[in-house]
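All remarks here apply to the structure that follows.
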Amino acid sequence: MSKPSLPQGTRDFAPDVVRKRQYIFQTIRSVFERHGFLPLETPAMENLETLMGKYGDEGDRLIFKVLNNGLDNPAKREQVLSDFDRVLEGKNSKGITERALRYDLTIPFARFVAMNHGTLSFPFKRYQIQPVWRADRPQKGRYREFYQCDADVVGSRSIWNEVELAHIYSTVFRELGIPVDIRINHRKVLAALAETCGGAEWTTPITVAIDKLDKIGLEKVKDELRERGLDEGQVSRIEEYLGISGSFSEQLEAVQRLLGHLPSAQQGIFELKSVYELYQGEVWDQKDDSDLKIDLTLARGLNYYTGIIFEVKAMNIQIGSIGGGGRYDDLTGLFGVPDIPGVGISFGVDRIYDVMEEKKLFPANLERSTDILFFNLGDDESRRSFTLMQKLRSQGVSCELFHEKAKFDKQFKYAEKKRIPVAVIIGGSELTAGTCVVRDLNTGEQRTIEQEQLLKEYFKL
RNA sequence: GAGGGUGUAGCUCAGUAGGUUAGAGCGACAGUUUGUGGCACUGUAGGUCGUGGGUUCGAAACCCAUCAUUCUCCCCA
């Protein structure tokens, strides 16, 4: 028997880590609920055909496929062998695999909406916090199993949805204590830029290149654009675009001068301006102290985005984005239900965790587990402890009895390891007197009180 | 898919001109006269040196393969 191990790219979460992760989840969940979003869960497995072709060629390769059962059935041997040959040719074969682990939460959501569009009331606002799986090569901060945390609105073109989602970002990170920039841009502005540099078909290569700006720098981006076949005039036009700076409105004005003659740019500029104004509320003024920033270099990889796009970056820390999203048209069209537009955002929980760990932002009380440890000094004493514990527990106080009669030393050390703050000691003399010793394990102070008094004091908690 | 790094005790790691019984710290467990912990002291347990080959009189060390893990690129969260 070899040592037990974990599949590559998966993790156990020890109790203290689970506590911290749940703190993040619950904060996000609570904000979602306050904005009228409803929870949704979908299966870990989807039909393979639901997922294939939705994430591009690269995405298809990274989908975890589930092997069919019963392949060893001798009666099916010939069929299985020919099916497997098809797999070896790179074709999918239902005879070998027809299910796969979910790759993200968006496509299963689109599948759900397409299946239930007759009964859902629109706009449908859902959030979903579940693990997803990717057969990617794990590296720092990237895993084969990880949680996604999404909120989407489908069935509405209103720009208010973008405003609300931006506000969700702002609220969540404020509550978690992480200072952030919420950056927005518009795909139609990027599309307009591409239009002036060769045509709409250049949108993807151009956005992919400029998305790398803060990672590889301006010169490398220009190199990449040249390699992809843009001429110097086009490259310098993009450079001019990337050089735009200033306040939100100043940047919009600059884009207006550069691309305003194109209808798509006009719509993008208008929507960016609208989101910003609505987000600021009725006290909006020209001051640029908002956490909502415009970032014309923001592109986002996923090419199904068509309108406003979001990205959230933690300030004062060297880490990638901790959230992203955007508007897409007609996501359910892939499943035969057209004309349902949507907009959504996602939280990068693992990175948020890393930021909070590094900045020590988790509340201290997450470490608390049991409130009271009852010492075990014998069977009769323990019976009394047990009775008291049941009463305390019914009042919401968490307590436990040391599992066996043992030396004080051992019981103290157990309490220490579990960070239990209070020990209650009931020995022979306390048992007959109806009292108990309550000891504060942090300060070492202790006092003897009536057992009834113990119940009263802790009922107040 | 491409390219690097690393695998020695539960954890973090020492350990080469190849040489006999492979070490430390932390942790664990036990004890320092069994109703008061955190400190200290003493002791105990725990390793086929990732696995399989090869070179050698001799391999934890050198070579090859393999597995695991980790990082970078691609791509993404």
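All figures in this text were calculated on a predicted structure; none of them were measured in a lab. Chain letters run A, B, ... following the sequence lines, proteins first and then strands; every chain starts at 1.
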Legend entry - First of A:Leu6 and A:Ser321 reached from the 5' end of RNA chain B, by closest nucleotide: A:Leu6
Legend entry - Within the 6.0 Å centroid threshold, strictly below: A:Phe375 and A:Phe412: yes
Inset, instruction - Look at the side-chain N and O atoms of A:Gln139 and state whether any lies under 4.0 Å from the OP1 or OP2 oxygen of B:rC71. - result: no
Inset, instruction - Quickly work out the A:Arg300 CZ to B:rC75 P distance and round it to whole Å. - result: 15 Å
Inset, instruction - Would you mind checking if A:Asp211 and A:Arg300 are paired as a salt bridge, meaning a charged N to carboxylate O distance below 4.0 Å? - result: no
Legend entry - Side chains of A:Tyr458 and A:Asp371, donor plus acceptor under 3.5 Å: no
Inset, instruction - Rounded to whole angstrom, note down the C1' distance from B:rG4 over to B:rC74. - result: 15 Å
Inset, instruction - Using a 3.5 Å limit on both pairing distances, list the dot-bracket string of RNA chain B from the 5' end; Watson-Crick and G-U wobble pairs count, crossing pairs take [ ], interstrand pairs take |. - result: (((((((..((((.....[...)))).(((((.......))))).....(((((..]....))))))))))))....
Legend entry - Interatomic distance at C1', B:rC13 relative to B:rG47, whole Å: 14 Å
Legend entry - Exceeds 12 heavy-atom contacts within 6.0 angstrom, atom CZ of A:Arg419: no
Inset, instruction - Flag the pair A:His167 / A:Thr171 as yes when at least one side-chain heavy-atom distance between them is below 4.5 Å, and no otherwise. - result: yes
Inset, instruction - Identify whether any heavy atom of A:Phe375 sits under 4.0 Å from a base atom; if not, whether one sits that close to sugar-phosphate; answer base, sugar-phosphate or nothing. - result: nothing
Inset, instruction - Please measure how far the C1' atom in B:rA30 lies from the corresponding atom in B:rU12, and state the result in whole Å. - result: 25 Å
Inset, instruction - Rounded to whole angstrom, note down the P distance from B:rC71 over to B:rG15. - result: 24 Å
Legend entry - Nucleic acid contacts of residues 12-35 of chain A, taken as heavy-atom distances under 4.0 Å to RNA chain B: none
Inset, instruction - Output yes when A:Asp380 and A:Arg384 qualify as a salt bridge under the 4.0 Å nitrogen-oxygen rule, no when they do not. - result: no
Inset, instruction - Could you walk me through whether A:Tyr353 and A:Phe362 pass the ring-ring contact (aromatic ring centres under 6.0 Å, His included) test, one step at a time? - result: CA-CA 9 Å; A:Tyr353 182 97; A:Phe362 288 110; 5.4 Å; yes
Inset, instruction - Using the C1' atom as the reference point in each nucleotide, state the distance between B:rU51 and B:rG7 in Å, no decimals. - result: 11 Å
Inset, instruction - Please work out if A:Gly323 contacts a base, only the sugar-phosphate, or nothing of the nucleic acid, heavy-atom cut-off 4.0 Å. - result: nothing
Legend entry - Nearest-angstrom distance, P atom, B:rU66 to B:rG3: 13 Å
Inset, instruction - Give a yes or no on whether the ring-centroid distance for A:Tyr127 and A:Phe37 is below 6.0 angstrom. - result: no
Inset, instruction - Determine the interatomic distance between C1' on B:rC26 and the same-named atom on B:rG5; round to the nearest Å. - result: 26 Å
Inset, instruction - Could you tell me whether A:Arg11 and A:Asp350 make a salt bridge, using a distance below 4.0 angstrom between a side-chain N and a carboxylate O? - result: yes
Legend entry - Side chain A:Arg142 and base B:rC75 donor-acceptor under 3.5 Å: yes
Inset, instruction - Report, as yes or no, whether the 6.0 Å neighbourhood of atom CG on A:Asp57 holds more than 12 heavy atoms from other residues, nucleotides or ligands. - result: no
Legend entry - Pair A:Tyr147 + A:Phe347: ring centers closer than 6.0 Å: no
Inset, instruction - Kindly check if the number of other-residue, nucleotide or ligand heavy atoms within 6.0 Å of CE (A:Met315) is above 12? - result: yes
Inset, instruction - Determine the interatomic distance between C1' on B:rG27 and the same-named atom on B:rG38; round to the nearest Å. - result: 16 Å
Inset, instruction - Scan nucleotides 25-38 of chain B nucleotide by nucleotide, 5' to 3', and note B when protein non-hydrogen atoms come under 4.0 Å of the base, S if they reach only the sugar-phosphate, - if neither. - result: -----S-S--BBBB
